[in-house]
Amino acid sequence: MNKAELRIIYLARQKSLSSSERAQKSRDITRLFFECVDFTKINLLHCFIPIEKFNEVDTAHILGALRENSPKTRIAVPRVNFETAELESLIYTSDAELIENEWGIREPSNGELVEVSTIDLVLVPGVAFDRTGHRVGYGKGFYDRFLKRCRPDCTKIGLGFFEPVDQIPDVHSGDTELNACITPDGIFTAGTRRKEDFATDGHR
């Protein structure tokens, strides 16, 4: 199946999850995430805010645990710049206000803008992933362009509810390979699902 077909199938599966299923799966992803990342090496983390209408992974669990257990790691979240069609990263504090943009996506109303080159780890949303480290998004290309601007040694981790497919056939040069994908069932890197193969130092 190509990206368009995978998007239809997996988005429908994602939207069909009940509130309790989504919450439990998000907690399982959070647990695995903290098992595989060494935060002593992560100074700045970029994390997406879930789009509620798409029933995405609830990253509030990750953000809350980060603030409690890794207070030295700064957190940034995305904001869409509609003039440039690019994602920006703004520092996200516990008292930051989130407002809905014209697409109904929650993002910070203000905050410190950070350079993409200073980000050590990016948590990437995806409707579907494959075992070679590629993803299916929503077709707008915002994260594809954003990841191209990240440092080569910036760790890129996808978060999703479902086990990756073997391969997305229509990958192109605009796609960026992720270091890993975390689902409720495990941590998947290119060609494997063994957690011990995942680089935890943030500089794979």
Side-chain angles (χ1 to χ4, degrees), residues 1-33 35-37 45-62 77-78 80 85-87 103-106 121-150 154-195 197-199 204:
M1 289 183 287
N2 61 27
K3 288 182 182 179
E5 294 167 328
L6 288 167
R7 184 178 297 116
I8 292 171
I9 292 170
Y10 279 86
L11 184 56
R13 290 181 63 186
Q14 185 170 290
K15 287 182 175 181
S16 72
L17 293 173
S18 67
S19 296
S20 59
E21 287 175 322
R22 180 195 181 204
Q24 182 58 58
K25 290 178 182 295
S26 295
R27 286 192 292 268
D28 291 340
I29 290 169
T30 298
R31 174 180 53 81
L32 289 169
F33 172 67
E35 285 181 5
C36 76
V37 176
L45 174 146
H46 171 105
C47 179
F48 66 92
I49 300 294
I51 303 174
E52 295 299 326
K53 66 181 178 180
F54 293 147
N55 221 20
E56 287 185 323
V57 173
D58 187 356
T59 55
H61 303 283
I62 289 175
V77 296
V80 176
E86 300 284 356
L87 285 186
W103 290 344
I105 300 172
R106 293 180 300 153
L121 190 155
V122 180
L123 294 182
V124 187
V127 177
F129 299 88
D130 73 11
R131 294 178 184 274
T132 68
H134 293 102
R135 61 184 280 275
V136 175
Y138 299 104
K140 300 295 185 181
F142 282 101
Y143 262 99
D144 293 321
R145 293 189 293 275
F146 178 78
L147 294 174
K148 290 294 185 186
R149 294 159 50 211
C150 292
C154 173
T155 300
K156 306 163 186 71
I157 302 177
L159 303 183
F161 289 125
F162 310 109
E163 183 170 328
V165 299
D166 287 337
Q167 189 171 24
I168 298 168
D170 51 340
V171 169
H172 55 75
S173 60
D175 296 317
T176 298
E177 183 178 322
L178 306 177
N179 296 95
C181 168
I182 302 178
T183 78
D185 299 313
I187 302 164
F188 298 81
T189 59
T192 184
R193 64 170 297 166
R194 293 176 295 164
K195 286 191 290 185
D197 287 343
F198 180 66
R204 177 177 172 184

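The first residue of the sequence shown is numbered 1, and numbering continues consecutively from there.
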A.B. asks: Output, in order, the C-alpha distance, side-chain angles, deciding distance and verdict of side-chain contact (heavy atoms from CB on, under 4.5 Å) for Q14 and F54.
C.D. replies: CA-CA 7 Å; Q14 185 170 290; F54 293 147; 4.0 Å; yes
A.B. asks: So, applying side chain to side chain contact (heavy atoms under 4.5 Å, CB included) with T155, which one of L121, V37, L178 is it?
C.D. replies: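 When side chain to side chain contact (heavy atoms under 4.5 Å, CB included) is applied between T155 and each of L121, V37, L178, only L121 qualifies.
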A.B. asks: Please name the pair of heavy atoms, one in T59 and one in C47, separated by the smallest distance, quoted to 0.1 Å.
C.D. replies: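 The pair with the smallest heavy-atom distance is CB-SG, 3.6 Å.
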A.B. asks: To the closest 0.5 Å, what do you measure between OG (S18) and CD (Q24)?
C.D. replies: 10.5 Å
A.B. asks: According to side chain to side chain contact (heavy atoms under 4.5 Å, CB included), who are the partners of P78, at least two apart in sequence or on a separate chain?
C.D. replies: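 Once residues adjacent in sequence are excluded, the partners of P78 under the side chain to side chain contact (heavy atoms under 4.5 Å, CB included) criterion are H46, L87, Y143.
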A.B. asks: Suppose we screen for ring-ring contact (aromatic ring centres under 6.0 Å, His included). Which residues come up paired with Y10, at least two apart in sequence or across chains?
C.D. replies: F162
A.B. asks: Quick check: does any side chain N or O of R7 sit under 3.5 Å from a backbone N or O of V136, one acting as donor and the other as acceptor?
C.D. replies: no
A.B. asks: State yes or no: are the ring centers of F142 and W103 separated by less than 6.0 Å?
C.D. replies: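 Between W103 and F142, which both carry aromatic rings, the centre distance is below 6.0 Å.
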A.B. asks: Measure the spacing between OG of S20 and NZ of K25 and express it to the nearest 0.5 Å.
C.D. replies: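 One gets 10.5 Å once the value is rounded to the nearest 0.5 Å.
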A.B. asks: Taking only Lys NZ, Arg NE, NH1 and NH2, and the carboxylate oxygens of Asp or Glu, determine whether E35 and R31 approach each other closer than 4.0 Å.
C.D. replies: yes
A.B. asks: Walk me through whether D130 and C181 qualify under side-chain contact (heavy atoms from CB on, under 4.5 Å).
C.D. replies: CA-CA 9 Å; D130 73 11; C181 168; over 6 Å; no
A.B. asks: Which pair of heavy atoms, one from L17 and one from F161, lies closest together, and at what distance?
C.D. replies: CD1-CD1, 3.5 Å
A.B. asks: Taking side chain to side chain contact (heavy atoms under 4.5 Å, CB included) as the test, write out the residues that go with T176, two or more places apart.
C.D. replies: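 In terms of side chain to side chain contact (heavy atoms under 4.5 Å, CB included), with neighbours along the sequence ignored, T176 is linked to L147, K148, K156.
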A.B. asks: Using 0.5 Å steps for rounding, measure from the CZ atom of F33 to the CD1 atom of I62.
C.D. replies: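 It comes to 5.0 Å.
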A.B. asks: Below 4.0 angstrom, N of the basic side chain to O of the carboxylate: do K3 and D170 qualify?
C.D. replies: no
A.B. asks: Do you know the tightest heavy-atom contact between P184 and I29?
C.D. replies: N-CG1, 3.6 Å
A.B. asks: Strictly below 4.0 Å, N to O, side chains only: are E52 and R106 in salt-bridge contact?
C.D. replies: yes
A.B. asks: Using a strict cut-off of less than 4.0 Å between a Lys/Arg side-chain nitrogen and an Asp/Glu carboxylate oxygen, indicate whether E56 and K15 qualify as a salt bridge.
C.D. replies: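 No, E56 and K15 are not salt-bridged.
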A.B. asks: Could you go through I168 and L6, starting from their C-alpha distance and side-chain angles, then the distance that decides it, and tell me whether this counts as side-chain contact (heavy atoms from CB on, under 4.5 Å)?
C.D. replies: CA-CA 9 Å; I168 298 168; L6 288 167; 3.9 Å; yes
A.B. asks: How long is the span from the CG atom in N55 to the CD atom in E21, to the nearest 0.5 Å?
C.D. replies: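 Taking CG in N55 and CD in E21, the distance rounds to 9.5 Å.
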A.B. asks: Work out which heavy atom in T189 is nearest to a heavy atom in N179; give both atom names and the distance.
C.D. replies: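 That closest heavy-atom pairing would be CG2-O, 3.6 Å.
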A.B. asks: With rounding to the nearest 0.5 angstrom, report the CD1 to CZ distance, I182 to F188.
C.D. replies: 10.5 Å
A.B. asks: Does E5 use its side chain to pair, donor to acceptor, with the backbone of N2 at less than 3.5 Å?
C.D. replies: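 Yes.
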A.B. asks: Once rounded to the nearest 0.5 Å, what's the spacing between atom CZ of R149 and atom CG of D144?
C.D. replies: 12.5 Å
A.B. asks: Give me the one residue out of R135, H134, E177 that meets side chain to side chain contact (heavy atoms under 4.5 Å, CB included) with V171.
C.D. replies: H134
A.B. asks: Among V122, L123, L45, I187, which residue meets the side chain to side chain contact (heavy atoms under 4.5 Å, CB included) test with I157?
C.D. replies: L123
A.B. asks: Start with the C-alpha distance between E163 and F129, add both sets of side-chain angles, then the distance that settles side-chain contact (heavy atoms from CB on, under 4.5 Å), and finish with yes or no.
C.D. replies: CA-CA 8 Å; E163 183 170 328; F129 299 88; over 6 Å; no
